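Small disclaimer: the values here were computed from a predicted structure and weren't measured. Residue numbers start from 1 in every chain, and the chains themselves are labelled A, B, ... in the order their sequence lines are given, proteins ahead of strands.
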Protein chains: 2
Amino acid sequence: MTASEHPRMSDVARRAGVSLSTVSRALRGVPGVAPEVRHRVEQAAMELSYVISRGASSLVTGRTGRIAVIAPFLQPWFFGVAMAGIYSRLRSTGTDMVVYEVGDTTALSSYLRTLPLRRNVDAVIALSLRPADEELEHLRRLGVPVVFCSDEVDGFPSVFIDEAAAAADATRHLLNLGHTRVAYVQARDDTGFSWHSRQRVVGCRKATADAGLELVVVTAKTGIDGGALAAAELLSLSDPPTAIVTETDDLALGVLRTLERSRLAVPGVMSVVGFDDQETAALFDLTTVAQPVYDLGAQAAQLALDVLDGTGRTDTHLQLPTHLVVRGTTAGPRPTSSLAGPSAGESS
Amino acid sequence: MTASEHPRMSDVARRAGVSLSTVSRALRGVPGVAPEVRHRVEQAAMELSYVISRGASSLVTGRTGRIAVIAPFLQPWFFGVAMAGIYSRLRSTGTDMVVYEVGDTTALSSYLRTLPLRRNVDAVIALSLRPADEELEHLRRLGVPVVFCSDEVDGFPSVFIDEAAAAADATRHLLNLGHTRVAYVQARDDTGFSWHSRQRVVGCRKATADAGLELVVVTAKTGIDGGALAAAELLSLSDPPTAIVTETDDLALGVLRTLERSRLAVPGVMSVVGFDDQETAALFDLTTVAQPVYDLGAQAAQLALDVLDGTGRTDTHLQLPTHLVVRGTTAGPRPTSSLAGPSAGESS
DNA sequence: ATGAAAGCGCTAACAA
DNA sequence: TTGTTAGCGCTTTCAT
């Protein structure tokens with residue numbers, strides 16, 4: 001893409017028989033250009049297949065027309081969906097989306113430290129990512145436009161769900177069904193426990209506490225395999241639970257796998273609730289908490305856009321609704337709640 | 001991120017007591033700077049938290065330090081994994097990744113048409129996307145650096161698998177098991193049939209033809225639901241197949257769902273083979289063709305990088321290996337191959 | 001409504 | 001080895 005081959009604004013100016021600044025004005029659609037002239041300029045630009053060099057204009061305007069999305073991972077379901085949501089809003093304004101993966105804490109902080117200085121983007125959307133407090137303080141002081149998506153952060157525009165309440169809903173569903181021994185599978189990755197993670201246990205614990213019960217918590221690596229291991233751990237307890245809530249659908253799928261391999265009927269012997277409601281949840285007939293991930297992304301993008309055009313305020317906190325989707329993996333506990341009994345193998 | 005607040009190169013120059021160009025040279029690490037001076041400059045830059053404005057330098061160098069990834073969708077498994085692969089290579093060179101979703105043909109061609117003119121990126125990686133022939137010709141003439149990932153295109157660097165051979169492998173596996181009525185579920189989205197799609201049927205058809213058999217082909221919308229519908233269609237045939245190959249794992253999952261709801265044993269009554277080997281394939285014990293998606297992305301990124309630094313050639317075609325992963329959804333057909341018993345056609 | 005001129009922050013000759 | 005001088009392609013006062 002050798003720069004020399006592209007027509008420049010002066011080429012358009014010459015062809016339209018006007019000055020450089022007139023072309024600039026005409027093409028940007030600012031008022032103060034005679035309609036006839038504007039048309040001539042557009043014509044010329046079209047004939048030359050002229051497209052403006054954003055780099056050059058951002059050098060003077062200070063705006064890049066780009067927004068960064070930073071995420072701990074690129075691969076998991078959540079991020080793909082959220083990005084699709086973000087992109088949907090961005091595309092309509094012609095804003096480009098540049099993506100960074102900041103898997104571990106050091107990558108994140110090093111990104112954030114150089115952020116205000118690299119004028120590579122106009123704003124940042126942090127996807128399910130919470131920087132350390134001192135980083136946040138630093139960003140706040142600098143007044144850097146960062147929008148948090150799927151996390152609520154003081155002093156920054158944020159879009160999120162009520163994690164604790166959603167998790168509590170799921171737990172209460174189980175409690176109302178009559179379960180008295182409920183376990184929670186918490187995910188931890190290399191970054192430690194995410195914000196989600198911490199909020200969701202709190203919600204579950206509150207729900208069980210309100211019922212005068214205790215919550216059994218085990219931690220697991222993220223993903224299906226992590227869930228499978230966690231379930232094995234729970235099953236080896238001296239007094240196993242009769243219901244399991246997991247932090248994500250992936251974990252629930254793993255739990256289901258272990259259960260099936262152990263020939264423990266679901267929901268006969270064990271009830272399972274996930275979180276996310278991704279496509280596979282329906283496939284497995286998994287009861288789960290649905291969260292509007294696409295919208296989370298779209299709204300975050302909107303907030304970022306608002307901040308950029310001055311419409312936005314840093315204290316916009318947007319909470320999106322979740323709802324429990326009850327499917328076939330939850331039911332009341334068996335009268336005799338021992339895990340001993342024989343049980344039919346369940347579906348594949 | 002107001003530009004005025006950032007320290008500029010001249011600030012560093014003043015602080016280090018050297019000239020602008022010395023700072024430029026020192027910071028870029030080009031030879032011809034006294035070690036002592038270089039150190040002083042780096043020191044000054046650090047103290048000021050100076051970070052270079054890429055926009056300004058790309059204005060003069062003509063290089064943006066950015067690569068575009070264009071994909072038809074952002075959400076599906078394949079794209080997340082491929083992007084993670086791309087990113088892994090890009091990050092090490094400090095190249096930014098800007099992502100565009102060009103779902104339909106018009107979005108794609110309008111992107112490609114303005115591409116050479118918008119100097120926003122140094123190169124483009126097209127993910128599982130094949131432009132129309134005239135677009136390709138146009139790009140070839142312009143000499144635009146485009147790398148095709150998961151597709152083989154003449155005159156452009158490409159990274160891909162042997163789609164036809166992989167699909168043929170899957171089919172032969174079934175044939176060797178003794179199946180004589182094999183069906184293929186082909187995916188079609190709004191863009192029509194992708195390149196994959198066309199290649200994979202060819203492979204299946206060749207395999208069956210070589211065995212003197214016919215291949216039953218049905219088309220389906222992409223995704224789990226599409227697969228479920230396709231399976232229903234196949235089950236309602238007067239002479240249903242005993243084995244089904246699908247274009248993707250997602251489709252296979254849908255097929256499995258319909259089969260399960262129809263109470264048709266897998267692989268007892270029906271064998272199923274997917275394509276991709278994503279995480280859920282193992283969960284469902286699905287026999288499938290594994291393709292190295294992450295590597296596909298990483299290699300494509302490498303080719304793009306190579307083209308940029310002059311190392312690359314436009315005729316680099318890289319074929320990556322696939323392999324059939326045999327799991328539990330495939331077995332020989334039953335002796336009496338009629339689909340007796342509870343029969344076809346249930347949906348949701 | 002239009003044009004001329006002065007940069008935006010950097011790199012790349014060219015001198016020294 | 002270092003500094004000086006032009007621009008890169010635009011936007012933006014300030015005149016006209």
Side-chain angles (χ1 to χ4, degrees), chain A residues 1-42 44-45 48-66 114 116-122, chain B residues 1-42 44-45 48-66 116-120 122:
Chain A
M1 223 162 295
T2 21
S4 51
E5 309 185 7
H6 303 305
R8 304 166 301 147
M9 199 175 260
S10 57
D11 296 322
V12 179
R14 195 174 321 110
R15 187 168 240 262
V18 293
S19 81
L20 204 58
S21 30
T22 301
V23 175
S24 173
R25 283 187 280 253
L27 259 28
R28 268 177 308 151
V30 302
V33 181
E36 190 271 322
V37 176
R38 163 159 293 149
H39 182 262
R40 213 168 59 223
V41 170
E42 282 165 348
L48 293 173
S49 315
Y50 172 78
V51 172
I52 198 170
S53 159
R54 286 205 193 183
S57 52
S58 61
L59 191 54
V60 25
T61 61
R63 297 282 291 264
T64 63
R66 247 170 278 135
T114 62
L117 312 152
R118 50 157 82 196
R119 304 75 121 155
N120 284 326
V121 293
D122 296 331
Chain B
M1 221 163 299
T2 22
S4 50
E5 309 186 6
H6 303 305
R8 302 166 303 147
M9 200 174 261
S10 56
D11 296 322
V12 179
R14 195 174 320 111
R15 187 168 241 263
V18 294
S19 81
L20 241 186
S21 33
T22 301
V23 175
S24 173
R25 283 188 280 250
L27 260 28
R28 269 177 307 151
V30 303
V33 181
E36 190 270 325
V37 176
R38 162 160 294 148
H39 183 260
R40 213 167 61 223
V41 170
E42 283 165 347
L48 293 172
S49 315
Y50 172 79
V51 172
I52 198 168
S53 158
R54 284 203 194 185
S57 54
S58 61
L59 192 53
V60 26
T61 60
R63 296 283 290 265
T64 63
R66 249 170 275 134
L117 311 152
R118 49 158 83 192
R119 304 74 122 153
N120 283 326
D122 296 331

**Q.** Base versus backbone protein contacts along nucleotides 10-16 of chain C [heavy-atom cut-off under 4.0 Å; B, S, -]
**A.** BSBB---
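- B/R14 places its CZ atom 12 Å from the P atom of C/dG9, with the value rounded to the nearest Å.
- In terms of the salt bridge (Lys or Arg N to Asp or Glu O under 4.0 Å) criterion, B/R28 has no residue partners (sequence neighbours excluded).
- The CD atom of A/E36 sits 13 Å away from the C1' atom of C/dT2 (whole-angstrom rounding).
- A/H6 places its NE2 atom 12 Å from the C1' atom of D/dG9, with the value rounded to the nearest Å.
- The CG-C1' distance, from B/L59 to D/dT11, rounds to 12 Å in whole Å.
- Between A/D11 atom CG and D/dG9 atom P there is a gap of 9 Å when expressed in whole angstrom units.
- Over its length, the helix from C/dA1-D/dT16 to C/dA16-D/dT1 turns its helix axis by 30°, as judged from the five terminal pairs at each end, rounded to 10°.
- Checked options A/V41, A/V51, A/V33; the residue passing with A/L27 is A/V41 (criterion: side chain to side chain contact (heavy atoms under 4.5 Å, CB included)).
- Closest non-hydrogen pair, B/L48 versus B/P7, comes out as O-CG, 3.4 Å.
- Applying the side-chain contact (heavy atoms from CB on, under 4.5 Å) test to B/A13 and every residue at least two apart in sequence or in another chain returns B/V23.
- Residues satisfying the salt bridge (Lys or Arg N to Asp or Glu O under 4.0 Å) criterion with A/R40, sequence neighbours excluded, are A/E36.
- Between A/V30 and A/R38, the shortest heavy-atom distance links the atoms O-NH2, 2.5 Å.
- Here B/R66 pairs with A/R66, B/T64, B/D96, B/V98, B/N120, B/V121 under the side-chain contact (heavy atoms from CB on, under 4.5 Å) rule; sequence neighbours left out.
- Formation of a donor-acceptor pair under 3.5 Å by the B/R54 side chain with backbone atoms of B/G65 is found in this model.
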